[in-house]
Protein chains: 2
Amino acid sequence: MTGYALRRAQIAVFEGFRRTVGKIGLRPAQFSVMIVIHRTPGLKQTEVANALGIQRTNFVAMVNELERLGWVERRALDRRSHALHLTRAGQGKLSEAMAIERKQEALYDKILGPGERLKLLDMLRRLQVGLEA
Amino acid sequence: MTGYALRRAQIAVFEGFRRTVGKIGLRPAQFSVMIVIHRTPGLKQTEVANALGIQRTNFVAMVNELERLGWVERRALDRRSHALHLTRAGQGKLSEAMAIERKQEALYDKILGPGERLKLLDMLRRLQVGLEA
DNA sequence: TATTGTTATACTCTATAACTATA
DNA sequence: TATAGTTATAGAGTATAACAATA
């Protein structure tokens with residue numbers, strides 16, 4: 001029941017994401033990656049992947065694509081590890097995306113009623129952390 | 001942000017499902033299908049698929065497998081449509097699964113605090129319905 | 001003509017094993 | 001010996017197009 005409700009709501013929200021933020025060429029996972037790199041530039045690939053619950057093995061292709069798109073760059077830390085940074089184009093793209101996303105969040109606020117969205121985020125976070133512990 | 005929180009919580013809850021209900025051989029989607037058939041026996045394939053947001057084209061293989069497992073049966077309504085019913089074995093399997101799932105829901109209750117789980121379900125439902133409208 | 005079920009197919013996401021090179 | 005990144009690969013889940021049989 002809880003799992004089903006979560007799944008359906010997540011699908012609906014992701015669908016909204018694709019219709020809005022998606023228009024400028026960003027998928028949900030790419031958006032999350034760029035936000036982490038923006039907030040903590042210089043993290044290693046594996047660190048970014050771990051922070052997002054992505055396996056480092058699947059993360060390689062993602063970084064390849066973001067690099068190909070010119071939004072992210074790998075900088076050698078030593079001869080086996082790469083630090084991730086947003087390029088100037090990546091910063092711009094992320095700003096665009098966040099502006100669109102803010103409108104979506106405002107929509108969720110409207111649907112749920114005043115203050116309820118923050119309450120929802122808190123419950124989701126507690127549920128996730130409580131289960132992963 | 002909301003999408004990300006939803007996704008992470010959903011993954012955590014599904015992971016819990018697989019570790020518990022999954023032990024008796026049911027995946028989340030199969031569980032949801034069997035619940036719908038249990039609540040409204042005799043629905044056509046397409047009706048069950050629609051109720052769950054599954055495309056009828058992808059639903060064929062799911063019903064095939066549930067039939068092969070002996071939990072669901074197709075009964076001809078006319079010469080082109082099938083009504084879906086749980087077999088006796090399917091009823092038993094679903095009862096087992098629901099008993100395990102109830103324990104999981106109790107865990108979510110404990111993690112979230114008294115009454116909060118119902119509040120969460122209500123918000124998720126309103127968000128989903130609000131977005132699909 | 002529209003509906004129901006179906007097949008084929010492709011694409012994304014995710015999971016595992018194994019490898020290279022470096023620390 | 002452990003770590004970081006990588007490749008290859010397989011399995012879910014999901015999406016579209018096209019079709020046959022039937023209403």
Kindly indicate, with the supporting measurements, whether the criterion salt bridge (Lys or Arg N to Asp or Glu O under 4.0 Å) is fulfilled by Glu116(A) and Lys119(B).
CA-CA 10 Å; Glu116(A) 294 288 88; Lys119(B) 177 82 181 156; 2.7 Å; yes

Q | Distance-only donor-acceptor test (3.5 Å): side chain Thr57(A), base dT7(D) | A | yes

note: Phe59(B), atom CZ; dT7(C), atom P; distance rounded to Å ~ 15 Å

- Message: Given the structure, check if the side chain of Arg80(A) and the base of dG5(D) hold any donor-acceptor pair shorter than 3.5 Å.
- Response: no

Notebook entry, point to check: Side chains of Glu105(A) and Thr2(B): is there a donor and an acceptor less than 3.5 Å apart?
Noted result: yes

Do we see a donor-acceptor contact under 3.5 Å between the side chains of Arg7(A) and Gln10(A)?
yes

Atom CG of Asp78(B) and atom P of dT22(D) are separated, to the nearest Å, by 10 Å

- Query: If only side-chain N and O atoms of Arg79(A) are considered, is one of them under 4.0 Å from the OP1 or OP2 phosphate oxygen of dT3(D)?
  - Reply: no

Here the distance between atom P of dA12(D) and atom CD of Gln10(B), to the nearest Å, is 17 Å

Rounded to whole Å, the CD1-P distance (Ile54(A) to dG5(D)) equals 14 Å

note: Lys44(B), atom NZ; dT4(C), atom C1'; distance rounded to Å ~ 8 Å

Per nearest nucleotide of DNA chain D, the residue lying toward the 5' end, Val60(A) or Ile11(A), is Val60(A)

Measuring to OP1 and OP2 of dA12(D), would you say a side-chain N or O of Arg18(B) lies under 4.0 angstrom away?
no

**Asked** Is the distance between the ring centroids of Phe31(A) and Tyr4(B) less than 6.0 Å?
**Response** no

Rounded to whole Å, CD of Gln55(A) lies from C1' of dA12(D) at a distance of 14 Å

On DNA chain D, more 5' by nearest nucleotide between Arg7(A) and Ala83(A) is Ala83(A)

- Task: Tell me what Arg56(A) touches on the nucleic acid: a base, only sugar-phosphate, or nothing, going by heavy atoms under 4.0 Å.
- Result: base

Between CG of Leu52(A) and P of dC13(C) the distance, given in whole Å, is 14 Å

Closest to the side chain of Ser81(A), out of dA12(D), dC13(C), dG5(D), is dG5(D)

**Message:** Checking Lys23(A) against Glu96(A) for the salt bridge (Lys or Arg N to Asp or Glu O under 4.0 Å) test, could you report, in this order, the C-alpha distance in whole Å, the side-chain angles of both residues, the deciding distance, and whether it holds?
**Reply:** CA-CA 11 Å; Lys23(A) 280 232 177 92; Glu96(A) 260 189 278; over 6 Å; no

When rounded to whole Å, the CG to P distance for the pair Asn58(A) and dT14(C) reads 7 Å

